[in-house]
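The following block contains the structure, expressed as structure tokens.
Naming: A, B, ... by sequence-line order, numbering from 1 per chain. Because the structure is predicted, anything quoted here is derived from the model rather than measured.
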Amino acid sequence: MSDLRRALGEAVQAAFAAIGAPPELGRVTASDRPDLADFQSNGALAAAKTLGRNPREIATAVVEKLAGDPRLAAVEIAGPGFINLKVADATLGARADTIAADARAGAETVTEPRRVIVDYGGPNVAKPMHVGHLRASIIGESLKRLYRFRGDTVVGDAHFGDWGYQMGLLIGAVMDESPAVAAVVDAINAGQPGDVAAFNAVTLADLDRLYPEAAARGKADTDYRDRARRITAALQVKQPGYYALWERFRTVTKVALERDFHALGVDFDWWKGESDVEHLIAPMVAELDAKGLLVDDQGARIIRVVREGDKRELPPLLVVSSEGSAMYGTTDLATILDRKREFDPHLVIYCVSPRQAHHFATVYRAAYPAGYAVAGQLEHVGFGTMNGTDGKPFKTREGGVLKLNDMIEMSRDKARARLHEAGLGEDLPAPEFEDIAGKVAVAALKFADLQNFRGTSYVFDLDRFTSFEGKTGPYLLYQAVRVKSLLRRAEAEGHTTGPVTVAEPAERDLVLTLDAFDAALAEAYDKKAPNVLAEHAYRLSQAFSKFYAACPILQAAPAVRASRLTLATAALRQSELALDLLGIAAPDRM
RNA sequence: GCGCCCGUAGCUCAACCGGAUAGAGCACCCGCCUUCUAAGCGGGUGGUUGCAGGUUCGAGUCCUGCCGGGCGCGCCA
């Protein structure tokens, strides 16, 4: 069953059609003036322009057509021609009953499900995740869940960055530092026996430390750089010694990444790396060559992607470097090909830093003539950067990059402290308390991020991120826990739910908010903007909290109590669904 | 230099195809716990939406210019 907004929209659109106005103008939205109405249509104003008639006149004609609709308690014209609709209490009650009985809490599914890949997270070998990965991870995770919930077949792919020049740099750096490792690598490369156990001494901390040094030296020292490139090229043809060491890099990195992702409630269906498409690259290059797309330029092989009418000339896609190596764009193109073969997606969402907008535009333009994708199928969904309170990209007080794991730990510490301060969960067993602290910490981090529109940059302020009052993740958890506690008590006292009767303003507001769920989901889906869903989740919690404060439940008369228990049940289910789509889990108690 | 993004309350952010009185949270002030979890609820203070034009019955939203900030501009990803 559709929500009230859409059901009423159909009625208003029919009324528009009946008076000869374009029916699509009869769109109904939630009212901007809750004091005046529940829903509104602004269509008469737009119709006035196309029909050359007075907007109030049109509104009057539309209102006449709507007269007698039993769902409407009042239909009024306001201002220059707004049509204000107030829904009958009985209609609200019936809608609440429907939502309460629905496992999806009033959410619809898309009519034409698609196959969708969400490429997010952006972890790289040798680099622990830092705060910059937070956005990509949690926005991507939310989009994945949202698309899946709406009925699409969705896979999340971490697209592990494990196959570029940085690997050659690191292999060289590690070998320079450790003669033991170097000896084993050289031996294996030469086809002699070598014990890879020597590689176990290499840790993620080593890689993290060596990488920036090596990258800097690679820029300054051309011999060093050339050597790293040769190693990269050798790795990419799987020279066994380099490859064995690389596997160690990949393993130590993945363990740490999985820990961080797990702590954030982020899971991937595919953990594919750039290296997984390595075998496609040689045939792909041959195919691109055969199609006449490759051009030799400055010793490299490129695809030109310039188009007529470009405001700015896009640089070409580098397919084969002058060293013969595959580049970032090469593996990205091969990944598009791989995904087409493996999954044939209708849509691929790249949830990646907006700094790479040019890069993706270039890769996409190369993919179209290659026949690997069609326009509109590949979409780069960028997000803003996290800045420090000084407006510059976030750094720790020491000037370094804050590791994601450290941030999660800081948030968890704060959650524990605040739980103690508030006297929450202290009588619970220690493992449950820890679980609650973890959920509170993750809710705080995720909601603080997801409530912002993904496209804009925002200020990262740990104190604000781990604040538990006001418009925060913990506020949402707190409301959910209060409902759960209430429902447990109701059950213990033998009370059951019953048909909803709407009487109090707080009850009206709660039902109208519940009704707005599907519209919020649809908008978040269309705009790929989880903040729309986050906003709905917050409004729902707020509406419940007001209801909870204004309407006694357990002490109410039996019929009222049953009605309010139904409302509480529906609110909890929708709230938990919305939280889950944001990647946030609520504890049972705290 | 060229291109893309951004500029909204003291701070951090919203604002549904261009619509009514631009909304939240934080901070600040005033109320509400012997009754379902006060991480809560109610009320209040706070705005020339960077500036100047333009289009429109109507502009935070669209167009132009300017000012300020961020990012990017082929062999790193």
### Task
Applying salt bridge (charged side-chain N to carboxylate O under 4.0 Å, His left out), name anything that partners A:Lys546, two or more places apart in sequence or on another chain.
none

### Query
When all nucleic acid strands are considered with a 4.0 Å heavy-atom cut-off, which category describes A:Arg27: base, sugar-phosphate, or nothing?
base

### Query
Base, sugar-phosphate, or nothing for A:Val320, non-hydrogen atoms under 4.0 angstrom?
nothing

Output one line per pair: protein atom, nucleotide atom from nucleotides 31-36 of chain B, and distance, for all N/O pairs under 3.5 Å.
unit_1, atom_1, unit_2, atom_2, d
B:rU35, O2', A:Gln555, NE2, 3.0
B:rC36, O2, A:Leu554, N, 3.2
B:rC36, N3, A:Ile553, N, 3.1
B:rC36, N4, A:Tyr548, O, 2.4
B:rC36, N4, A:Cys551, O, 2.9

Set out, line by line, the N/O atom pairs under 3.5 Å between protein and nucleotides 13-15 of chain B.
unit_1, atom_1, unit_2, atom_2, d
B:rC13, OP1, A:Val459, N, 2.4
B:rC13, O3', A:Asn452, OD1, 3.3
B:rC13, O2', A:Asn452, OD1, 3.1
B:rA14, OP1, A:Phe453, N, 2.7
B:rA14, OP1, A:Thr456, OG1, 3.0

#### Entry: Pairs flagged by salt bridge (Lys or Arg N to Asp or Glu O under 4.0 Å) wherever residues 552-572 of chain A is involved - sequence neighbours left out
A:Glu507-A:Arg564

### Query
Please give, in whole Å, the distance from B:rA77 P to A:Arg355 CZ?
17 Å

Expected list for residues 22-31 of chain A: side-chain donor-acceptor pairs under 3.5 angstrom, two or more places apart:
unit_1, atom_1, unit_2, atom_2, d
A:Ser31, OG, A:Arg33, N, 2.9
A:Ser31, OG, A:Arg33, O, 3.1

Tabulate protein N/O versus nucleotide N/O from nucleotides 54-61 of chain B, keeping only pairs under 3.5 Å, one per line.
unit_1, atom_1, unit_2, atom_2, d
B:rG58, O6, A:Lys49, NZ, 2.9

### Phosphate-side-chain proximity, A:Gln542 and B:rG25, N/O vs OP1/OP2 below 4.0 Å
yes

Show every donor-acceptor pair shorter than 3.5 Å between a side-chain atom in residues 210-221 of chain A and any protein atom, with sequence neighbours excluded, or say none if there are none.
unit_1, atom_1, unit_2, atom_2, d
A:Asp221, OD1, A:Asp223, N, 3.0
A:Asp221, OD1, A:Tyr224, N, 3.1

### Task
Ignoring the backbone of A:Gln40, work out which of B:rC76, B:rG74, B:rA20 is nearest its side chain.
B:rA20

### Query
Do A:Arg482 and A:Ser545 meet the criterion of a side-chain donor-acceptor pair at a distance under 3.5 Å?
yes

### Query
Listed by chain and number, what are the salt bridge (charged side-chain N to carboxylate O under 4.0 Å, His left out) partners of A:Asp588, not counting sequence neighbours?
A:Lys484

### Message
According to salt bridge (charged side-chain N to carboxylate O under 4.0 Å, His left out), who are the partners of A:Glu421, at least two apart in sequence or on a separate chain?
### Response
A:Arg418

### Query
Looking at A:Tyr478, does any N or O in its side chain come under 4.0 Å of the phosphate oxygens OP1/OP2 on B:rC41?
no

### Query
When we call it a touch if two heavy atoms are under 4.0 Å apart, what does A:Gln479 touch: a base, just sugar-phosphate, or nothing?
sugar-phosphate

### Query
Does a side-chain N or O from A:Ser322 land closer than 4.0 Å to OP1 or OP2 of B:rC75, or not?
no

### Plane angle bin for A:Phe360 and A:Tyr328 - parallel if under 30°, tilted between 30 and 60°, otherwise perpendicular
perpendicular

### Message
Any side-chain N or O of A:Arg301 below 4.0 angstrom from OP1/OP2 of B:rC75?
### Response
no

### Query
In chain order, what residues pass the side chain to side chain donor-acceptor pair (under 3.5 Å) check against A:Thr513, with sequence neighbours excluded?
none

#### Entry: Strand RNA chain B as a dot-bracket string - pairs counted if Watson-Crick or G-U with both distances under 3.5 Å, | where the partner lies in another strand
(((((((..((((.....[...)))).(((((.......))))).....(((((..]....))))))))))))....

### Query
Taking only residues two or more places apart in sequence, or in another chain, which ones meet A:Asp509 in a salt bridge (charged side-chain N to carboxylate O under 4.0 Å, His left out)?
none

